[in-house]
Amino acid sequence: MFLMKRLFCLAAIAAVVVGHSFSAQAAGLEFGLGATGDSTLTYRLGLTSDWDKSWMQSDVGRLTGYWSGAYTYWEGDHRAGASSLSFSPVFVYEFAGESVKPYIEAGIGVAAFSRTRLEDNNLGQAFQFEDRLGFGLRFNGGHEVGIRAMHYSNAGLSDHNDGIENYSLHYTMPL
């Protein structure tokens, strides 16, 4: 019960922060479907808020980013499923293009899991760091499709730190 209260508080904080930033920047609703190395299926629902900034703009492209807040359900085969809430700043290098803009992304954020065991992985604690690397295509009108690899680990803050990876396809639609 205590963990659920913490997860609820984290979700509320993320909603306020992400919701506040939506008022001035472009927002998106993200859907993801993925799998871990242990074949655990994952389903992700998230909100994104583009930063209203860009750097290193040239004829090749630009560096920008977005805030990501998400809920992920980890379907269990051998154990009960788990849920996680995450929040992350994500840097994006968007290549120049007319109607389609390829991009690469990287980010490091935080996540809170409802369980510390996923399949054969002992995460050690509910608090995890979320690392991501991905690439995809952004279309005129704000739609986006991509592929992403995410790694969750407690960075040695617990005696157990098996970590877990998630490889997913995602689609983001503008709000």
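What you see is a predicted model; the values in this text were computed from it and never measured. Only this structure's heavy atoms are used, side chains among them; waters, hydrogens and symmetry mates stay out.
The two residues Ala155 and Asn161 make their nearest non-hydrogen contact at N-ND2, 3.7 Å. Between Ser158 and Gln125, the closest heavy-atom pair is CB-OE1, 3.8 Å. Taking all atoms of both residues into account, the shortest heavy-atom contact from Asn122 to His160 is ND2-CG, 3.2 Å. Of all heavy-atom pairs spanning Gly109 and Ser88, the tightest one is N-OG, 3.5 Å.
The CD atom of Glu165 lies 5.5 Å from the NE2 atom of His151; values are rounded to the nearest 0.5 Å. For the atom pair Tyr152 OH and Asn121 CG, the distance stands at 13.5 Å (nearest 0.5 Å). A distance of 11.5 Å separates CD in Glu105 from CD in Glu94, rounded to the nearest 0.5 Å. With rounding to the nearest 0.5 Å, the separation of OG in Ser86 from CZ in Phe113 is 8.0 Å.
In this structure a side-chain-to-backbone donor-acceptor pair under 3.5 Å is present from Gln128 to Ser153. At distances below 3.5 Å, at least one donor-acceptor pair connects side-chain atoms of Thr64 with backbone N or O atoms of Lys53. At least one donor-acceptor pair closer than 3.5 Å links the side chain of Ser58 to the backbone N or O of Val60.
Every side chain to side chain contact (heavy atoms under 4.5 Å, CB included) that Thr36 has, sequence neighbours left out, goes to Asp38, Thr40, Thr42, Trp74, Ile164. The side chain to side chain contact (heavy atoms under 4.5 Å, CB included) search around Tyr71 returns Tyr73, Ser83, Leu85, not counting sequence neighbours. Shown here are the salt bridge (Lys or Arg N to Asp or Glu O under 4.0 Å) partners of Arg132, two or more places apart in sequence or in another chain: Glu130.
In the hydrophobic clustering of this structure, Trp55 groups with Trp67; members are Ile, Leu, Val, Met, Phe, Trp, Tyr whose side-chain heavy atoms approach within less than 4.5 Å, directly or through other members. Neither Val110 nor Leu133 shares a network with the other; the hydrophobic side chains, linked directly or stepwise wherever heavy atoms of I, L, V, M, F, W or Y lie under 4.5 Å apart, form separate groups for each. A continuous path of hydrophobic side-chain contacts links Leu45 to Val145 [ILVMFWY only; heavy atoms under 4.5 Å]. Linking ILVMFWY residues whenever their side-chain heavy atoms come closer than 4.5 Å, directly or via other members, leaves Ile108 and Phe87 in distinct clusters.
Within 6.0 Å of atom CZ in Phe91, 12 or fewer heavy atoms from other residues, nucleotides or ligands are found, so the atom counts as exposed in its surroundings. Under a cut-off of 6.0 angstrom, the local environment of NE2 in His143 is crowded, with over 12 non-hydrogen atoms contributed by other residues, nucleotides or ligands.
Residues Phe95 and Tyr93 bring their aromatic ring centres within 6.0 Å.
Members clustered with Tyr66: Val90, Val92, Tyr103, by chain and number, using a 4.5 Å side-chain heavy-atom cutoff among hydrophobic residues. Members clustered with Tyr167: none, using a 4.5 Å side-chain heavy-atom cutoff among hydrophobic residues.
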### Criterion side chain to side chain contact (heavy atoms under 4.5 Å, CB included) on Phe127 and Asn154, from CA distance to verdict
CA-CA 6 Å; Phe127 176 80; Asn154 66 41; 5.6 Å; no

### Message
Please evaluate residues Asp162 and Leu118 with respect to the criterion side chain to side chain contact (heavy atoms under 4.5 Å, CB included), reporting the C-alpha separation (whole Å), side-chain torsions for both, the decisive distance (0.1 Å), and the verdict.
### Response
CA-CA 10 Å; Asp162 291 346; Leu118 295 171; over 6 Å; no

Atom pairs and distances, donor-acceptor, side-chain atoms in residues 26-33, under 3.5 Å, two or more places apart:
residue, atom, partner, partner atom, Å
Glu30, OE2, Arg44, NE, 3.1
Glu30, OE2, Arg148, NH1, 3.1

